[in-house]
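Here is the structure we will look at, set down as structure tokens.
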Amino acid sequence: MRLSRYFLPVLKENPAEAQIVSHRYMLRAGMIKQASAGIYSWLPMGYKVLRRIEQIVHEEQARAGHLALLMPTIQSADLWRESGRYDAYGEEMLRIKDRGGRDMLFSPTAEELITDIFRAHVGSYKDLPLTLYQIQWKFRDETRPRFGVMRGREFLMKDGYNFDVDKDAALHAYNRHMVSYLRTYERMGLTAIPMRADSGPIGGDDTHEFLVLASTGESEVFYDEAVTQLKLGHRDIDYTDRAQVAAVCKEFTTLYARTDETHDPAIYERDVPAERRKVGRGIEVGQIFYFGTKYSEPMGATVQTASGEKVPVHMGSHGIGVSRLLGAIIEASHDDKGIIWPEGVTPFHCGIVNLKQGDAEADAACEAIYAALTALGLDPLYDDRDARAGEKFATMDLIGLPWRITVGPRGLKNGVVELTSRRTGESEELPPEQAVARIAEIYKGI
Ligand code: P5A
């Protein structure tokens, strides 16, 4: 993409309404625009990152054997009356009447709708295990929408639902989600710590939240410092192997890590050596639940077991805050000049800065680098504007592309361009072809 043809409405001034850094940078980098309280339009670069995040979620869900579908945002109140949640959900639910006076709602979550799909089409244990998920907009009329996409009213969620014949199988689904979520967040450059949590209006006793440590997080967290060192890495995990998956979960949940809802000072002091006891704040980027037959029983979603018995199906649900993740990633990865995108989610793989637009040699070198990167399947952003070098650097730093190739007449005289890491600020001079090869190498396998 050429910046002169792109729509990147960068703001020079700090927007007064933004209280935290991710909100400030998302507005300044022209990624989002508020439409009304807690509701945003996604401008091209913001939308691009959102889609990158969605893609990683889809890839990791497919790896775990889960199937994507899409359900409507507007649902009938009748289904929610069957589960008993229509009255229980409260003010957060946006209630709507259609022209016929029927009660409708904008889905804050979709346990009822998925249970209705299940009961209509599945009746035998032979069709299980089954996990269906979607990435779809949700609406929750939060009392205090704030911090931009972090706590929106309309927000994008990945919501998944597992159906299993008994509790053991459903707990394997729970564990499988935990492991696949760990991999999902790691690919986005995040350390998200599973912490035992409260289940709230979704229900059930078994639930973990995934928290990214950040001083601006909304939850207070208590953890063993050693938990921040755990990594899944490139381990090859067989998601159908119950023992293997359970062992990984044990590894990630044995050390103490709790939110203020579940914190137990006595256990904390007993189990964590004093020098490793940490208190901080965290951003909740996901939550998984096992709630058994809470929905299947009242809604009559049953399966026939191998012995011919008809039993309510065992379920859980699992959510990732897809739009919230943009804010969480920026909170975890930025400096005072702007965003620093992890390679896994960056909107463009690298920037190309032409220090002297209009200089025949510099223009030709930039064009050649742009063409070479594009031919390798990479997506560069070429700042081809007729602007001062300082302005170009400031824009690149703000929008946070992890790599920048700087091209100017002086370097070209010696046959070199400059390759700069946004994260470390370190630069290296090398011939243009080598700069291209290095970028290609960096993104191999990401
Ligand atoms: C799990 C999927 C559920 O709703 N039902 C279906 C279960 N879980 S949850 O924890 O309530 O939400 C899942 C994740 O969505 C994000 N989230 C939000 N993101 C932005 N703005 C909001 N107002 C908001 N509310 C929830 C969180 O990341 C949460 O973990």
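We're numbering straight along the sequence, starting at 1. On a predicted model such as this, the values are computed, not experimentally measured, just so you know. Atoms within each ligand, like the ligands themselves, are counted from 1 in listed order.
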Cation-pi geometry met for R119 and Y295 (6.0 Å, 45°): no
Contact atoms of ligand 1, heavy-atom distance to G319 under 4.0 Å: 1 (C), 2 (C), 13 (C)
Per-atom contacts of ligand 1 with H318, taking only distances under 4.0 Å to non-hydrogen atoms: 1 (C), 2 (C)
Part of F289 with heavy atoms under 4.0 Å of ligand 1, whether side chain, backbone, both or neither: side chain
H23 versus R146, side-chain donor and acceptor atoms under 3.5 Å: no
Region of E284 that comes within reach of ligand 1 [heavy atoms, distance under 4.0 Å]: both
G286: numbered ligand 1 atoms lying under 4.0 Å from its heavy atoms: 28 (O), 30 (O)
Proximity to ligand 1 by part of Q287, non-hydrogen separation under 4.0 Å: both
Identity and separation of the nearest protein heavy atom to atom 17 (N) of ligand 1: F155 CE1, 3.5 Å
Atom 12 (O) of ligand 1: nearest protein contact (heavy atom, Å): M157 CE, 3.5 Å
R5 atom CZ: more than 12 heavy-atom contacts under 6.0 Å: no
Under 3.5 Å side-chain donor-acceptor pair for E284 and S219: no
Parallel, tilted or perpendicular: ring planes of Y6 versus F348, cut at 30 and 60 degrees: perpendicular
Polar side chain donor-acceptor pair, H318 to Y133, under 3.5 angstrom: no
For atom 11 (O) of ligand 1, the option (of K158, R140, E209, R144) bearing the nearest heavy atom: R140
Mode of V149 contact toward ligand 1 - side chain, backbone, both, neither (heavy atoms, under 4.0 Å): backbone
For R151, the ligand 1 atoms whose distance to one of its heavy atoms is below 4.0 Å: 21 (N)
Per-atom contacts, ligand 1 versus E111 - under 4.0 Å to a heavy atom: 5 (N), 6 (C), 7 (C)
Sub-4.0 Å atoms of ligand 1 with respect to non-hydrogen atoms of T109: 4 (O), 5 (N), 6 (C)
Protein contact to atom 14 (C) of ligand 1 [nearest heavy atom, distance to 0.1 Å]: G321 N, 3.9 Å
